[in-house]
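One-based numbering along the sequence shown. Only a predicted model underlies this, so the values are computations on that prediction, with no experimental measurement involved.
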Amino acid sequence: MTTTTVAVLFGGRSSEHEISCVTAGGIMDVVDRSVYEIVPIGITKDGAFTLQSDDPAQWTLRDGELPTVPDNGTRVAFPTSPASRELVVSHPDGSVTTAPVDIVFPILHGPFGEDGTVQGLLEIAGLPYVGDGVLASALAMDKHVAKAVLEHAGLRVAPWTTVLRREWAADPVDVAEAVAAHGWPLFVKPARAGSSMGVSRVDDPAALGAAMDLAFEHDSKVIVEPRVIGREVEVAVLEGRDGVPRTSLPGEIVVAEDGFYDFASKYLGGDESLLCPAPLTEEQTDEIRSIGARAFEAIGGSGLARVDCFLTDDGFVVNEVNTMPGFTPLSMYPRCWAASGVSYAELVTELIELGRAAVR
């Protein structure tokens, strides 16, 4: 039986490097090795493309410690022409080998991976790949631009103020007065990061400066939003074979009253709980699934996305769209599909096959 060679691309330069590694381990653990051959390409935190082990155990979360991509001295180069699908691997001993691939599975989160940059590289190299294309990835990664596009598509989004680093540096008092108009508490977020990296809840003006400084460590553009009172409900979207987006049963995040769903809660354990499926009425379930499909189409999505909403007293409000959502076995996206009857292994297979057939 002929196998399909899948280059799993993980790690990367973003602050979500470790989570990408955990996701890689999850995929390597469940992929059908009788159908797919894995070529694991780990990107170090310094940006070196390396050939790594395909042993899932190397990429698991152990005792609260997250894995990272070690620099083992190998270097992987992508094809210099779309006529070839061979990766060129340089080894520490000076030898050079090639690795033909059929498709790339880029499971990179955050900048330099989820933002259209790697997708552009793969397009230029002529390599098929899993997931969203250049435009959808870049658009969804920028929370300011995504909100504008979703709002234009007729979807309700949370109010926001965008602050650039130069604006904050030039007149923090003026910026503080402007964002205070939203009321307290506020949430301060890097505009182009994910997995709650650099996100802070700010309950009073005295804490705003530290929150802004933290967010600016991750991005030169920051989003400031008021707290939206409502339940946090999310829906997983999967591209349809007929072009019509498929949506999962929704899931709900329940956090402590004084907390929010931060990086540690998502990946290291916290006071949150994930309810899949979410306890909603049939009408609410249908509505958020429709919102998820509309948001996916609004950004020109392909492959997959997770659409995050708040269910308020007067309806759903879209928070954001994630084009490479958390994809560890514990993450909301695969859990929503599991509740909908699609296992983690089946989801991995479907995404690979969608990528092989994708016309973006």
Side-chain angles (χ1 to χ4, degrees), residues 6 8-12 14-32 36 38 40-43 45 52-69 104-111 113-114 118 130-132 193-197 199 232 234-238 248-255 261-277 303-308 320-340 342-352 355:
V6 182
V8 178
L9 190 58
F10 62 98
S14 84
S15 53
E16 298 169 80
H17 173 104
E18 292 87 352
I19 295 308
S20 175
C21 294
V22 175
T23 299
I27 290 173
M28 292 179 203
D29 188 44
V30 302
V31 72
D32 186 345
Y36 302 108
I38 298 298
I41 304 173
I43 305 175
K45 288 188 174 183
Q52 294 290 333
S53 167
D54 68 351
D55 180 4
Q58 182 172 334
W59 311 109
T60 57
L61 179 65
R62 295 181 181 177
D63 301 322
E65 294 293 324
L66 292 162
T68 61
V69 175
V104 179
F105 199 148
I107 50 170
L108 300 161
H109 304 295
E114 192 179 350
V118 163
V130 172
D132 292 271
S195 288
S196 303
M197 299 299 291
V199 178
E232 297 185 42
E234 303 178 349
V235 64
V237 185
L238 188 63
S248 72
L249 291 172
E252 181 174 1
I253 299 166
V254 180
V255 298
Y261 197 44
D262 62 5
F263 181 88
S265 294
K266 284 183 180 179
Y267 300 114
L268 303 181
D271 56 4
E272 88 294 344
S273 62
L274 303 183
L275 305 179
C276 297
L304 75 163
R306 193 191 70 229
V307 180
D308 303 347
E320 61 184 29
V321 179
N322 292 274
T323 54
M324 184 48 71
F327 202 81
T328 73
L330 299 177
S331 300
M332 178 68 90
Y333 186 89
R335 288 177 65 172
C336 281
W337 279 115
S340 306
V342 181
S343 72
Y344 191 50
E346 290 170 335
L347 190 57
V348 169
T349 297
E350 181 66 3
L351 286 169
I352 292 171

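Using a 4.5 Å heavy-atom cutoff, the side chains of Leu66 and Leu61 are in contact. Side-chain contact between Val130 and Pro106 is present, with at least one heavy-atom pair separated by less than 4.5 Å. Residues Met332 and Asp308 have side chains not in contact (no heavy-atom distance under 4.5 Å, counting atoms from C-beta outward). A heavy-atom distance below 4.5 Å is found between the side chains of Leu238 and Leu351. Inter-residue side-chain proximity for Val22 and Phe10 is flagged as unmet; no heavy-atom pair is nearer than 4.5 Å.
Of the possible polar contacts, one joining the Ser14 side chain to the His109 backbone as a donor-acceptor pair under 3.5 Å is found. Not a single donor-acceptor pair under 3.5 Å links the side chain of Gln52 to the backbone N or O of Pro40. Here the side chain of Arg62 pairs a donor or acceptor atom with the backbone of Ala57 at under 3.5 angstrom.
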Discussion item. What verdict does the side chain to side chain contact (heavy atoms under 4.5 Å, CB included) test give for Leu304 and Thr323, after you've listed the backbone C-alpha separation in whole Å, the side-chain angles of each residue and the deciding distance to 0.1 Å?
Written reply: CA-CA 6 Å; Leu304 75 163; Thr323 54; over 6 Å; no
Practice prompt. Evaluate the criterion side chain to side chain donor-acceptor pair (under 3.5 Å) for residue pair Thr328 and Ser331; output intermediate values, then yes/no.
Written response: CA-CA 5 Å; Thr328 73; Ser331 300; 2.8 Å; yes
Item to complete: Just do the side chain to side chain contact (heavy atoms under 4.5 Å, CB included) check on Arg335 and Leu274 with the steps written out, would you?
Response: CA-CA 9 Å; Arg335 288 177 65 172; Leu274 303 183; 3.2 Å; yes
Worksheet entry | side chain to side chain contact (heavy atoms under 4.5 Å, CB included) evaluation trace for Glu18 with Lys45 | CA-CA 9 Å; Glu18 292 87 352; Lys45 288 188 174 183; 2.5 Å; yes
Practice prompt. Might you work through the side chain to side chain contact (heavy atoms under 4.5 Å, CB included) test for Val31 and Val6, ending with a clear yes or no?
Written response: CA-CA 10 Å; Val31 72; Val6 182; 5.9 Å; no
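Partners of Phe105 under the ring-ring contact (aromatic ring centres under 6.0 Å, His included) rule, at least two apart in sequence or in another chain, do not exist in this structure. In this view, Tyr344 and Phe327 satisfy the ring-ring contact (aromatic ring centres under 6.0 Å, His included) rule, not counting sequence neighbours. By the side chain to side chain donor-acceptor pair (under 3.5 Å) test, Asp54 pairs with Arg33, sequence neighbours left out. Residues that satisfy the side chain to side chain contact (heavy atoms under 4.5 Å, CB included) test with Ser53, not counting sequence neighbours, are Asp55, Gln58. Partners of Asp32 under the side chain to side chain donor-acceptor pair (under 3.5 Å) rule, at least two apart in sequence or in another chain, are Ser34. With sequence neighbours excluded, the residues forming a side chain to side chain contact (heavy atoms under 4.5 Å, CB included) with Ser248 are Val235, Ala236, Cys336, Trp337, Ser340, listed by chain and number. Taking Ile43 as the reference, Leu9, Phe49, Leu108 meet the side chain to side chain contact (heavy atoms under 4.5 Å, CB included) condition, with sequence neighbours excluded. Residues satisfying the side chain to side chain contact (heavy atoms under 4.5 Å, CB included) test with Ala339, not counting sequence neighbours, are Cys276, Pro277. Residues satisfying the salt bridge (charged side-chain N to carboxylate O under 4.0 Å, His left out) criterion with Glu252, sequence neighbours excluded, are Arg231.
Under the side-chain contact (heavy atoms from CB on, under 4.5 Å) test applied with Ile27, the options Ile352, Leu347, Val348 reduce to a single match, Val348. When Val237, Asn322, Val321 are each tested for a side-chain contact (heavy atoms from CB on, under 4.5 Å) with Arg306, only one passes: Asn322.
The minimum heavy-atom distance linking Gly11 with Ser20 is given by the pair N-OG, 2.9 Å. Here the closest non-hydrogen pair linking Ile38 and Met28 is CG2-CG, 4.4 Å. The heavy-atom pair separating Pro325 from Tyr333 by the smallest distance is CG-CD1, 3.7 Å.
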